[in-house]
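Report on the structure given below.
Read the numbers this way: they start at 1 and go in the same order the structure lists the ligands and their atoms.
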Amino acid sequence: MSLLDRFVVASLPVIPKSLIRVVASKYIAGEKLDDAVRVVKGLNARGMKATIDVLGEFVSDPAQATHDIEAYLKLFDAIVEHKLETGVSVKLTAVGLSIDPQLARRNLKLLLDAAASHNVFVRIDMEDSPYTTETLAIYEEFRAQHKLGIVVQAYLKRTSDDVKRLMDNGKTNFRLCKGIYVEPESIAFKDRSEIQENYLKLLDQMLSGGAQVGIATHDRYLVEQSEKMVKAKGTSQKDYEFQMLLGVLPSLRDEVVARGHRMRIYVPFGDAWYGYSTRRLKENPQIAGYVFKGMLGIR
Ligand SMILES: Cc1cc2nc3c(=O)[nH]c(=O)nc-3n(C[C@H](O)[C@H](O)[C@H](O)COP(=O)(O)OP(=O)(O)OC[C@H]3O[C@@H](n4cnc5c(N)ncnc54)[C@H](O)[C@@H]3O)c2cc1C
């Protein structure tokens, strides 16, 4: 990342929210449910599936967690009404984990019961390390009764042990990603090539053990190595798919689809867009250019 990009990343907290919103809009379907429906219909028409995330995280007020659950219930109705080819993704801190783990469990149960009655697949996103153990424990408690997937992060040193335990205890549906939060060196790999190496080791562990895997990355090296791995192992199409984020490297996404792999796009929507958007912007190698274009009103 250039010096200018670093400067822009460091300045994000003081950049006006209105400007962040303009430059981050490519990563978000919009604020309304209708926006998510429109974007997912477009993706479905082009042969891609989706997973919809109602934006929100780290809620500190139980009423906000209830509000988030209600948004998911409306989303399930819309998925059925519009026959969308999509699952949903949920962050446990959006439904109360940062307030009280028991509240998160009660809310998740409501969400999962409604998802089951609408036949919608739910995946629990993985957040930062203070929540890893509890998130995995909640996943294990609920997965016997519900169609449920989990996310693991290749940058965490513990992940191989977590994957082994989850797979020893039952059929597991993983999304494998690098991880996006800033974690201490004591628990996380920091070096790009070390993270890549661990990513491929984990993918091998998952596929060899018969798990289902969402290969979530925009890293061309990892995409190509993963393609080689599924081919070499003869992994069935039903046991893996690629996953990418809305607005990130659509050219790579289209290449992967053209090579015949299944692709699912993560589609966030809602008014709590700030935290998600700033994380995305920090990962954007051209962040300075986007911010300056935004300041000049160029889209
Ligand atoms: C479907 C999906 C779900 C995810 N869920 C989670 C989750 O639950 N928990 C979690 O911690 N993380 C999650 N992530 C984020 C993930 O952990 C990484 O932070 C993110 O995907 C970037 O890593 P990468 O593998 O794409 O590789 P990188 O090396 O970061 O990126 C590869 C290339 O992609 C391009 N690129 C990446 N980001 C951007 C951007 N914002 N704008 C423009 N270009 C970009 C660049 O060209 C870059 O060189 C998810 C990612 C995906 C794809």
Side-chain angles (χ1 to χ4, degrees), residues 1-2 5 8-9 12 20 23-28 43 48-53 55-58 86-94 97 122-132 135-136 139 149-156 159 162 173-183 187-200 202-203 213-226 240-253 255-256 262-268 275-291 293:
M1 195 179 256
S2 75
D5 286 323
V8 172
V9 166
L12 278 178
I20 302 276
V23 291
S25 58
K26 61 187 277 212
Y27 304 121
I28 311 280
L43 291 167
M48 288 171 263
K49 294 188 177 170
T51 180
I52 304 178
D53 171 46
L55 285 166
E57 56 193 328
F58 305 116
T86 188
V88 302
S89 289
V90 61
K91 289 187 173 47
L92 291 185
T93 67
L97 187 59
V122 178
R123 185 178 301 281
I124 300 176
D125 281 345
M126 187 55 77
E127 302 179 73
D128 50 345
S129 57
Y131 300 108
T132 311
T135 301
L136 293 174
Y139 169 69
I150 187 68
V151 180
V152 291
Q153 297 156 323
Y155 65 16
L156 287 188
T159 297
D162 290 333
N173 186 318
F174 292 104
R175 173 193 299 149
L176 175 60
C177 67
K178 284 185 182 172
I180 196 177
Y181 302 89
V182 180
E183 299 291 358
I187 61 164
F189 299 111
K190 293 286 173 186
D191 180 66
R192 181 179 168 82
S193 57
E194 259 186 319
I195 298 171
Q196 287 174 325
E197 197 183 313
N198 199 40
Y199 191 104
L200 293 173
L202 292 165
L203 181 60
V213 192
I215 305 169
T217 181
H218 319 91
D219 180 336
R220 181 174 286 278
Y221 170 77
L222 286 183
V223 167
E224 289 172 359
Q225 293 301 313
S226 302
Y240 80 93
E241 64 185 12
F242 284 88
Q243 299 188 353
M244 294 192 188
L245 301 170
L246 186 68
V248 179
L249 286 193
S251 52
L252 179 61
R253 174 194 81 186
E255 276 177 44
V256 173
R262 296 192 305 161
M263 173 65 73
R264 185 179 300 275
I265 303 298
Y266 189 98
V267 176
Y276 180 85
S277 301
T278 47
R279 284 200 298 275
R280 289 282 86 73
L281 285 172
K282 285 177 190 167
E283 287 194 323
N284 187 329
Q286 279 100 38
I287 180 173
Y290 279 114
V291 170
K293 275 189 195 163

Any [X] side-chain heavy atom under 4.5 Å of [Y] side chain:
| X | Y | result |
| --- | --- | --- |
| Y27 | L281 | yes |
| M244 | V223 | yes |
| Y266 | D53 | yes |

I need the atoms of ligand 1 closer than 4.0 Å to a non-hydrogen atom of [X], numbered in the order shown.
| X | value |
| --- | --- |
| T217 | 24 (P), 25 (O), 26 (O) |
| D125 | 8 (O) |
| Y181 | 11 (O) |
| Y266 | 1 (C), 3 (C) |
| D219 | 26 (O), 27 (O), 32 (C) |

Given [options], which has its nearest heavy atom closest to [atom]?
| atom | options | result |
| --- | --- | --- |
| atom 41 (N) of ligand 1 | R280, E183, M244 | R280 |
| atom 16 (C) of ligand 1 | C177, S89, S277 | C177 |
| atom 7 (C) of ligand 1 | M126, R279, K26 | M126 |
| atom 17 (O) of ligand 1 | G179, G247, G214, P268 | G179 |

Establish, yes or no, whether the cationic atom of R280 lies under 6.0 Å from the six-membered ring centre of Y276 and within 45° of the ring axis.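 That pair qualifies as a cation-pi contact.
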
Between NZ of K178 and NE2 of H218, what distance do you get to the nearest 0.5 Å? 10.0 Å

Rounded to the nearest 0.5 Å, what's the gap from CZ on F58 to CG on D128? Could you check? 4.0 Å

Ligand 1-proximal atoms of [X], by part, heavy-atom distance under 4.0 Å:
| X | value |
| --- | --- |
| R220 | neither |
| L245 | both |
| V151 | side chain |
| L222 | neither |
| R175 | side chain |

Can you name the one residue among D162, L176, V213 that meets side chain to side chain contact (heavy atoms under 4.5 Å, CB included) with L202? L176

Basic-acidic side-chain contact under 4.0 Å: R264, E241: yes

Salt-bridge test for R220 and E224: reply yes if a basic N is under 4.0 Å from a carboxylate O, no otherwise.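 Yes, R220 and E224 are salt-bridged.
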
Looking at ligand 1, does any of its N/O atoms fall within less than 3.5 Å of an N/O of [X]?
| X | answer |
| --- | --- |
| K178 | yes |
| E283 | yes |
| H218 | yes |

Under a heavy-atom criterion of less than 4.0 Å, does R192 contact ligand 1? yes

Judged by non-hydrogen atoms, does Y199 sit under 4.0 Å from ligand 1?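 No, Y199 has no heavy atom closer than 4.0 Å to ligand 1.
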
Any donor-acceptor N/O pair, [X] side chain to [Y] backbone, under 3.5 Å:
| X | Y | value |
| --- | --- | --- |
| E57 | G275 | no |
| Q153 | E127 | yes |
| S89 | D125 | no |

